[in-house]
Every structure is written in structure tokens, then in C-alpha cells.
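What follows is a single structure, written as C-alpha cells, with notes after it.
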Amino acid sequence: MRAWVIRSTGGLDRLEIADVPDPAGPLEARQVRIALRAAALNRLDLFVLRGLPHEYHYPHILGADGAGVVEAVGARVQSVRPGDRVMLNPGIPDYSCSYCRAGEHSLCVNYGILGEHRPGTLAQYVNVPEQNTAIIPTLPKPLTWTEAAGFSLVTLTAWRMVVTRAQVRPGETVLVWGIGGGVSLAALRLAKLKGASVIVTSSSDAKLQAAQKLGADVTLNHKTQKISQEVRALTNKRGADVVIENVGEATWDESLRCLARGGRLVSCGATTGPKVGFDMRRLFWHQWSILGSTMGNDAEYREIVRLLGTGELRPVVDRVFPFAEARAAFERLERGEQLGKIAIEIGS
């Protein structure tokens, strides 16, 4: 089958389209074979391309997000059948460890993500556990393949950050950094659904204008404005109750300056670097909560798919590229030009 792969880590020049072994063959009892129709990119794909500290099996197929048609199912699969249109939850646990049995699948000791630890979705076919599939909801305006492909990773990540970890409540003030990215956009929409007032940042005025149309209460340009000063002024010096952080080194100090007493900072990423620090005295004196968050569990995924079916969380697609032009899609992602998800069409 055709797939976008790397044979070593490095820059975008390592990307290549190649013929690789098809995952066809006897399926495990609860495994599903998907003929992919679309994939979507995440910042994670760039991290994988540049190199992460785990073993790669080359040629390595990139891509975490995807949607397609069920082509075959294992003997014990009950929730989907051949011909079903499905989207994929890219986080795959072993479904048997103590964390999985407790319902905390993203804490699984053997947790892996498509395109990072396992063959990804920038291919014609992928095999996944039955539990990692969800029927694409039916909406008055049907979801496109690219919308379905771009939904899962960022929405699940944002849900766990906003709802499960930070427990955002009505009337609170939430600060979301970098509103052009998919996680930040989903976090904005989820925080609004929870009744919060949301402040968003970007270095692009065009992205800020778009965020305002999507419900942002206040937009700030972090290139021209001092975010902590603005947040303090907007909240009568109190600060934000919750900071949604996925940038890392470049924004960490400002995030803490923005945080109210008793506030919660929740982080799911470190785009600009992983090494941060803070004065421990401020941590305990202000009684902050610093929370880590990665992906989500099966119950959370089912809930976001349910909300998608109500029309609440339809994903924002930035641009769609043909499969043969996936490198251009990576280039756009690397430049940070997108507002929403960059998607790639795979098959009809």
C-alpha cells in the first residue's frame, strides 16, 4: 500500500511517499481493518519527524488522526461492521493493565499513539482495536471525511484538559495560548460550553478575529501585548482561574504570572521546549495546581463523539491537501499558518 513514511529522523526532507507492506492478514479477535479516506496532521507529527526518545521501526508511517470505512473485523468485534464510516481514537492502550481496568486508558503502561509508537494514518489502510473506532455521527450537514479525520486527537486532548483535569466551572476566566492550533481551538469551545469567559492569544490578528467569531470573549496579540499585564487588568488584578498551556518554555513564566490564587495551570505539550522552572514559594503560597494532561480515556472519547453528534463540536478545517501533496501540508504546519486542522485526502 502507499504511505507517507520516514526512514530516519530529521527535517521535512526525510518525508517520502512509498510502497510499504499492507497490514492485511488474519485480524485479532477485536481488531478492525480501516480503509482510510482522510487523515489530519498534528504538531505531534513534526515531533515524530524530528525524533522522539523511543525506538522507531522503519519505514515508519506518520499520522495520528484518521477516518475511513471498515473493511474487515475480527471474530469478536460487535460495535462496527464492514461498510461502517468511522473515525479513530489515536491513543491505543493494552486494555488490560490496572490503569485500563480503572478506566484510565491514557495512563496505560503500554500506551501508544498512532503515527508515534505505531504505524499511522497517512496510509491507505490501518488496523486498530475495535475500542478505538467510533461511528461518524449523522448531522443535518454531513461531516466530510476531512472533518471526521480532524476531530479526535485535539478534541479528546482538550476535553481532558478543560473538563477532567482543570474542571472549568461557569463564570471562571480561562486563558488559552496559541489559538491557531487545534487543541487551543477545541479548548476555547469547550471552555465556552462550560460557561467560562475565555481569553485567547495569538501573534496573528487574523487568527484572533476568527477566534472572536468562534466565541472568544477577549483576544490578545502576544507579539505586541504583555499577556500577564493584560490578563491582570481584565480581571481586576485577580488573574485567570485556569491557564491552558501547550507551548512550554516560551510562555511558562507568563502563564504563571497570569494565574490567580488557587488557579489551575494544565499542560499537554511543550512546543517551544520542555525545560521550565518556577519559584516553589509562589506555588505553595498561591496554592496553585499544576496539572499534566495527555489524550483521554474511552469514556471521554465517547462523550466528545456524542457532543459532535449534537452539532456542538464540529471541527474547524484549515486546508485540505491531496495525498500526493502531503509534504506541502507538513510545510504549512511547520510554518504555523493554520487556523484549525490541516487535512489530507487519501481515497474516495
Side-chain angles (χ1 to χ4, degrees), residues 1-28 31-52 54-74 82 84-92 112-130 132-133 136 144-154 182 317 319-334 341-348:
M1 68 176 181
R2 300 291 278 170
W4 280 91
V5 305
I6 55 173
R7 300 182 190 277
S8 62
T9 57
L12 294 180
D13 60 311
R14 305 301 171 94
L15 277 171
E16 63 176 275
I17 190 168
D19 289 312
V20 299
D22 189 315
L27 293 171
E28 296 175 11
Q31 201 170 38
V32 178
R33 173 176 164 86
I34 310 295
L36 289 156
R37 296 293 183 259
L41 298 186
N42 295 279
R43 182 66 56 175
L44 172 64
D45 296 304
L46 292 178
F47 296 151
V48 173
L49 178 63
R50 292 168 185 155
L52 291 171
H54 61 75
E55 184 180 1
Y56 287 74
H57 299 283
Y58 297 115
H60 179 74
I61 303 172
L62 297 167
D65 271 323
V69 177
V70 175
E71 185 171 89
V73 300
D84 283 343
R85 301 169 77 249
V86 296
M87 58 179 67
L88 305 181
N89 175 357
I92 301 179
I113 297 176
L114 294 174
E116 181 180 0
H117 309 94
R118 298 166 177 265
T121 56
L122 282 172
Q124 291 175 297
Y125 299 95
V126 69
N127 293 348
V128 299
E130 172 189 13
N132 286 79
T133 64
I136 297 174
T144 65
W145 283 119
T146 51
E147 285 176 318
F151 175 76
S152 294
L153 187 145
V154 296
V317 175
R319 187 173 294 183
V320 179
F321 291 81
F323 189 63
E325 298 176 19
R327 187 191 301 274
F330 274 85
E331 291 169 351
R332 181 169 178 79
L333 179 65
E334 187 171 57
K341 298 296 294 183
I342 296 172
I344 296 167
E345 292 179 324
I346 297 175
S348 60

Heavy-atom pair with the smallest gap, counting every atom of [X] and [Y]:
X    : Y    : value
V317 : A343 : CG1-CB, 4.4 Å
A38  : I346 : C-CD1, 3.9 Å
A40  : G150 : CB-CA, 3.6 Å
F330 : D45  : CE2-CB, 3.7 Å

Going by heavy atoms in the side chains, are [X] and [Y] under 4.5 Å from each other?
X    : Y    : answer
Y58  : T9   : yes
I136 : W145 : yes
V32  : N127 : no

Next on the checklist: Listing request: all salt bridge (charged side-chain N to carboxylate O under 4.0 Å, His left out) pairs with a residue in residues 59-73, at least two apart in sequence or in separate chains.
Outcome noted: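 Residue pairs with at least one partner in residues 59-73: R33-E71, D65-K341.
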Checklist entry - side-chain contact (heavy atoms from CB on, under 4.5 Å) with L41: which of L62, T121, L333, L46? => result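 Single side-chain contact (heavy atoms from CB on, under 4.5 Å) partner of L41 among L62, T121, L333, L46: L333.
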Listed by chain and number, what are the side chain to side chain donor-acceptor pair (under 3.5 Å) partners of [X], not counting sequence neighbours?
X    : value
S152 : Y301
D19  : R2
R327 : none
E130 : R30, S79

Checklist entry - Quick one: salt bridge (charged side-chain N to carboxylate O under 4.0 Å, His left out) partners of R7, sequence neighbours excluded? => result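 Partners of R7 by the salt bridge (charged side-chain N to carboxylate O under 4.0 Å, His left out) criterion, ordered by chain and then number, come out as E16.
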Item to check | Audit row: L88, N132, side chain to side chain contact (heavy atoms under 4.5 Å, CB included) steps and yes/no | outcome: CA-CA 6 Å; L88 305 181; N132 286 79; 5.9 Å; no
Checklist entry - salt bridge (Lys or Arg N to Asp or Glu O under 4.0 Å) between R50 and E334: does it pass, once the steps are laid out? => result CA-CA 11 Å; R50 292 168 185 155; E334 187 171 57; 3.1 Å; yes
